[in-house]
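Each chain gets a letter, A, B and so on, in the order the sequences are listed, and its residues count up from 1. This is a predicted model, so every value here is computed, not measured.
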Amino acid sequence: MGQANAQGSGGDGRAAPVDMPQAGVTVAIEGVSRRFRTGFLALTEVDLTIGAGELVAVVGPSGCGKSTLLKIIAGLLTPTDGVVDFGGDRPETGYVFQDAHLLPWRNAIRNVELFLEVDGVRKQERRERARQALQLVGLADFEGSYPAELSGGMKMRVSLARTFATDPQLMLFDEPFAALDEITRNRLNNDLIRLQRDRGVTGVFVTHSIGEAVFLADRVAVMSPAPGRIVGIVDVPFGGDRSAALRTSAEFAAVARDVSEIMAAYEVAEGQEIMAAKE
Amino acid sequence: MIARLRSIAASVAPQLIVLVVVIFVWWAAVRVLDPKPFIFPSPGRVLDTTVNDFDRLWIGFKNTLYASVVGFFFATAVGVGAALFLSLSRMLERAFFPWAVLLQTVPAVAVAPLYVLWWGPGRQSVMLVAFTITLFPILANSLAGLRSADAALVDLIRLRGRRRNSWFTFSKIRIPSSLPYLFTGLRISAGLAVIGAIVGEIVVGRGGDEAGLGYWVTFGSTQLRTDFVFAAIAVSSALGITFFLLVSAAGNRVLRHWHESARTAEA
Ligand SMILES: Nc1ncnc2c1ncn2[C@@H]1O[C@H](COP(=O)(O)OP(=O)(O)OP(=O)(O)O)[C@@H](O)[C@H]1O
Ligand SMILES: [Mg+2]
């Protein structure tokens with residue numbers, strides 16, 4: 001992977017894979033279940049198809065199996081049942097966690113180079129691509145800074161740049177901005193949506209924040225408490241162009257309400273089951 | 001440069017003041033209580049002996065330095081090697097590490113006579129005691145360090161087709177992650193190496209060209225030359241402290257960009 005695709009290079013002759021549109025990949029999750037060795041059933045019969053270039057947000061109560069689902073999509077965990085089908089080879093996948101997971105002894109640009117190094121990309125090209133990726137996340141001036149010298153939001157940007165530098169066709173986000181303050185989080189959301197849409201990358205975004213889910217995603221999938229399964233999917237009809245003003249609009253609030261109603265229904269249903277079991 | 005010297009002076013001044021006060025109290029106490037010199041010599045007397053018996057102490061210094069440095073380096077090689085091996089799998093660690101803990105509980109004084117029995121009353125035995133006493137802190141700390149690598153990052157690299165035990169993961173993630181821990185182990189062991197060598201020399205009891213500071217301590221006490229014992233002990237401590245400081249400095253240098261503590265210490 002990591003081959004710059006020719007379309008849209010416009011003949012300017014610049015080897016600039018990171019800011020070229022890249023065709024995303026389709027992800028078909030079919031009947032995926034996962035039982036842990038402890039006997040705990042974390043996911044049951046999850047079905048979800050994500051179109052090429054689509055961004056799906058996944059929300060659900062804590063412990064419902066969201067991270068487990070991402071690990072299965074990434075290939076870090078195998079499902080006990082079901083399959084994840086990409087319609088071909090496993091795509092180049094980027095994975096971003098809640099924490100930046102940088103190497104403290106490497107400065108920003110050397111951190112961004114890490115995955116390219118794993119892939120055996122030559123030094124000069126590595127530098128170049130890392131520099132572009134840092135530019136993309138607005139950290140061009142901080143390439144020499146060490147993680148200890150960067151704020152939480154900046155570290156997260158470096159982490160994003162590190163992933164984008166590898167030209168992923170599929171991006172998995174596991175509450176990447178949960179540890180940040182609201183202002184930084186909104187700003188990163190704005191940046192992310194731009195990066196994601198520009199490049200047409202397929203994405204799955206796990207979050208606890210309904211607002212974040214609705215702002216970012218084309219669809220929001222709601223999961224039930226464990227054993228997790230998808231109990232509702234809400235379409236987000238705002239297209240690709242999302243401005244900060246969207247957050248305060250009535251349409252936005254309406255979609256967010258739909259999502260919370262599904263979530264609330266399941267919390268209540270769960271509660272009633274527990275009550276029923278006690279009687 | 002001048003600013004740097006000044007900051008060094010500022011940081012060692014409090015320690016030097018304590019030293020001066022302790023020596024003064026010692027001097028005053030000996031002056032007032034007037035014990036027999038073979039029970040408790042005055043600082044002046046110890047200093048005289050250090051100067052007069054400089055040749056002997058110098059031989060001792062060289063031998064002890066040599067034995068502790070060799071023991072320390074062997075322990076570093078074996079300890080780091082073993083830690084790398086045990087870090088390959090949880091299984092290996094579970095099988096072997098508990099036995100390594102035994103090392104820590106074996107008293108060096110007790111094994112020294114065995115070494116003499118097996119390898120004779122020579123330098124090897126002294127070095128082996130230094131080796132034995134320094135091995136565990138190095139092994140345990142480097143193993144903890146190798147285990148401390150960011151597991152999520154190792155997973156991300158695994159996704160790109162490099163296994164957890166691949167050379168890439170070791171060289172770029174796990175070994176660098178272990179360095180602060182390794183240097184903690186080395187610092188502890190630097191001081192211990194000198195103690196181990198001295199214990200070894202006391203048990204081996206070889207004088208002449210091979211006389212170490214441990215030998216001079218025994219020699220001085222059998223002759224009731226307490227001033228000489230004091231001088232040998234002082235030289236031993238100076239040796240241990242110097243060794244410790246050198247290893248610390250090497251650590252700070254290597255970790256300059258690693259650890260915040262090392263970095264702020266430099267600033
Ligand atoms: N390795 C494991 N062995 C056993 N149980 C596990 C394991 N990993 C996760 N679980 C359990 O599976 C359930 C789902 O975990 P997961 O981390 O996917 O939840 P999550 O939805 O991401 O939660 P959160 O929102 O708090 O991050 C949890 O109840 C957890 O205890
Ligand atoms: Mg999670």
Side-chain angles (χ1 to χ4, degrees), chain A residues 1-2 67 70-78 89-108 110-121 126 144-150 155 158-160 162-163 165-176, chain B residues 80 87 89-91 94 141-142 144-186 249-267:
Chain A
M1 255 307 101
S67 299
L70 283 194
K71 279 184 198 153
I72 288 173
I73 298 173
L76 283 173
L77 271 182
T78 48
D89 286 345
R90 170 168 289 288
E92 173 65 50
T93 304
Y95 202 156
V96 182
F97 302 109
Q98 180 170 342
D99 298 308
H101 295 285
L102 304 176
L103 296 172
W105 59 86
R106 285 190 173 206
N107 63 22
R110 296 275 299 128
N111 264 295
V112 175
E113 282 180 51
L114 182 71
F115 294 163
L116 301 175
E117 238 171 289
V118 182
D119 295 349
V121 177
R126 215 160 69 200
S145 303
Y146 286 82
E149 298 160 350
L150 299 172
K155 277 187 268 209
V158 174
S159 188
L160 285 173
R162 180 176 67 185
T163 304
T166 64
D167 261 331
Q169 293 168 285
L170 171 64
M171 285 290 303
L172 306 173
F173 300 96
D174 198 347
E175 305 183 37
Chain B
V80 172
S87 76
S89 87
R90 280 269 168 213
M91 199 56 187
R94 245 177 267 145
N141 281 285
S142 19
L146 289 165
R147 286 250 171 268
S148 77
D150 184 335
L153 192 54
V154 171
D155 271 349
L156 290 178
I157 284 169
R158 208 148 60 86
L159 276 180
R160 318 194 74 77
R162 302 288 179 114
R163 280 193 273 133
R164 217 180 70 82
N165 285 334
S166 66
W167 173 240
F168 187 94
T169 314
F170 264 106
S171 63
K172 304 283 161 120
I173 316 276
R174 293 172 69 190
I175 293 176
S177 297
S178 77
L179 289 180
Y181 293 74
L182 171 65
F183 275 103
T184 303
L186 292 181
N252 287 342
R253 211 181 162 78
V254 171
L255 303 177
R256 193 183 300 170
H257 276 303
W258 209 119
H259 222 216
E260 286 203 61
S261 63
R263 297 184 78 192
T264 43
E266 276 243 334

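- Of the atoms belonging to A/F115, heavy atoms from both backbone and side chain fall under 4.5 Å from chain B.
- The contact between A/T93 and chain B is made entirely by backbone atoms, counting heavy-atom distances below 4.5 Å.
- To the nearest 0.5 Å, the span separating CZ on B/R162 from CD on A/E117 amounts to 9.5 Å.
- Interface remark: B/R160 contributes backbone and side-chain atoms alike to the contact with chain A (heavy atom separation under 4.5 Å).
- Distance check: B/L156 CG to A/L76 CG gives 7.5 Å after rounding to the nearest 0.5 Å.
- Distance CG/A/L77 to CG/B/D155: 9.0 Å, rounded to 0.5 Å.
- For B/D150, the part lying near chain A is the side chain, with the backbone staying farther off; criterion is any non-hydrogen pair under 4.5 Å.
- Heavy-atom distances place no part of A/R110 under 4.5 Å from chain B, backbone and side chain included.
- Atom CZ of B/F168 is separated from atom CG of A/D119 by 8.5 Å, given to the nearest 0.5 angstrom.
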